[in-house]
Amino acid sequence: MTDRALSFDAVAGQYDAARPGYPPVLLDAVEELSGRSLRGSRVLDVGAGTGIATRLLRGRGADVTAVEPGPGMAARLRRALPGTPLVRALGDALPIADASVDLVTYAQSWHWTDPARSVPEALRVLRPGGALALWWNIADPAVPWVAAQERRLHLVAGAGAHSSEGRRAESPPDGLPRVRREMRWTRTVPLDTHLANLGSHSLFRVLGDDATAECLAGERAELLKVFPGGLVEEAYVVELTVTLRPSVSSVVEGPSSRA
């Protein structure tokens, strides 16, 4: 876990209040692609942050354990979800028993892991036939105002500074059953909420207060040209990848198995 990842602790409240959730169709897709209902499933939500995805998983009836290394984010999650088990740990080293969960989820957090370690850890804790589900909200580049904002942010901190925070750094390895899906959705929020959402991204956590204030002031002016009423229609693509852990027989018979 990098210092940049842990920098979210300083804005845990802002993150929780302003970051978007996920549309119901996402969890429908997780159930479809994993072949498992969330209701009654034991789920490990890794990099849970303030519990945005944890709450949605619980709402579907899942038995969720949250995993979050950051003290500020974990404290916020504990206050919001006092009955949810919370483990302070990294996805690269999960203090969870072998073959003990049905689903491992990473909502907006896989890119902070070392896949050489986090993939084996996820497969270790999954029961045979379980699934690893990774998803991200990506600002939809097909929407003109979003594309224009991305270009401005790139000038501030280099190509991919904003949108790449949500993109997968590396997918699970080839050779495992894996499926992907993309889903578009929107939400309408006050301009201040949109700017708080922007300000909670890691780009601004390392940019500094003065540069952040200047950039967000510029964004306010630009967005009022597009949304003069002060309500911003944020547009997202949810990128979902589901990787299935082979059954016991597949592990034994597969080419990568060991005696």
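The residues of the chain are indexed from 1 along the displayed sequence.
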Using a 3.5 Å distance criterion without hydrogens, assess whether the side chain of Thr193 forms a donor-acceptor pair with backbone atoms of Val189.
no

The criterion is side chain to side chain contact (heavy atoms under 4.5 Å, CB included); which residues satisfy it with Arg79, sequence neighbours excluded?
Ala75, Arg76

Would you mind checking if Arg220 and Asp192 are paired as a salt bridge, meaning a charged N to carboxylate O distance below 4.0 Å?
yes

Ignoring hydrogens and angles, tell me if any N or O in the side chain of Glu239 forms a donor-acceptor pair with the backbone of Glu182 under 3.5 Å.
no

Pairs under 3.5 angstrom only: tabulate donor-acceptor contacts from the side chains of residues 116-129 to other protein residues two or more places apart or in another chain.
from, atom 1, to, atom 2, distance (Å)
Ser118, OG, Thr113, OG1, 2.9
Ser118, OG, Asp114, O, 3.2
Glu121, OE1, Arg124, NE, 2.8
Glu121, OE2, Leu94, N, 2.7
Glu121, OE2, Arg124, NH2, 3.1
Arg124, NH1, Ile96, O, 2.7
Arg124, NH1, Asp98, OD1, 2.7
Arg124, NH2, Leu94, O, 2.7
Arg124, NH2, Ile96, O, 3.3
Arg127, NH1, Asp102, OD1, 3.0
Arg127, NH1, Asp102, OD2, 3.3
Arg127, NH2, Ser100, O, 3.2

Which residues pass the side-chain hydrogen bond (donor to acceptor under 3.5 Å, both in side chains) test with Arg78, sequence neighbours left out?
none

Please list all pairs meeting ring-ring contact (aromatic ring centres under 6.0 Å, His included) that have one or both residues in residues 210-247, counting only residues at least two apart or in different chains.
Trp145-Phe227, Trp185-Tyr236

Can you tell me which residue pairs pass the salt bridge (Lys or Arg N to Asp or Glu O under 4.0 Å) test with a partner in residues 223-233, sequence neighbours excluded?
Glu222-Lys225

Donor-acceptor check, side chain of Ser109 to backbone of Val46, threshold 3.5 angstrom: yes or no?
yes

Can a side-chain donor-acceptor contact be found between Arg178 and Thr241 if the only test is distance below 3.5 angstrom?
no

Would you say Arg60's side chain and Pro24's backbone share a donor-acceptor pair under 3.5 angstrom?
yes

Do the side-chain N and O atoms of Gln149 and His154 include a donor-acceptor pair separated by under 3.5 angstrom?
no

Kindly say whether Asn137 contributes a backbone atom to a donor-acceptor pair with the side chain of Gln108 at under 3.5 angstrom?
yes

Given 3.5 Å as the limit, does a donor-acceptor pair link the side chain of Ser41 with the main chain of Val43, or not?
no

Partner residues of Arg88 under the side chain to side chain contact (heavy atoms under 4.5 Å, CB included) criterion, sequence neighbours left out
Pro71, Ala74

May I ask you to decide if Asn197's main-chain N or O and His201's side chain share a donor-acceptor pair within less than 3.5 Å?
yes

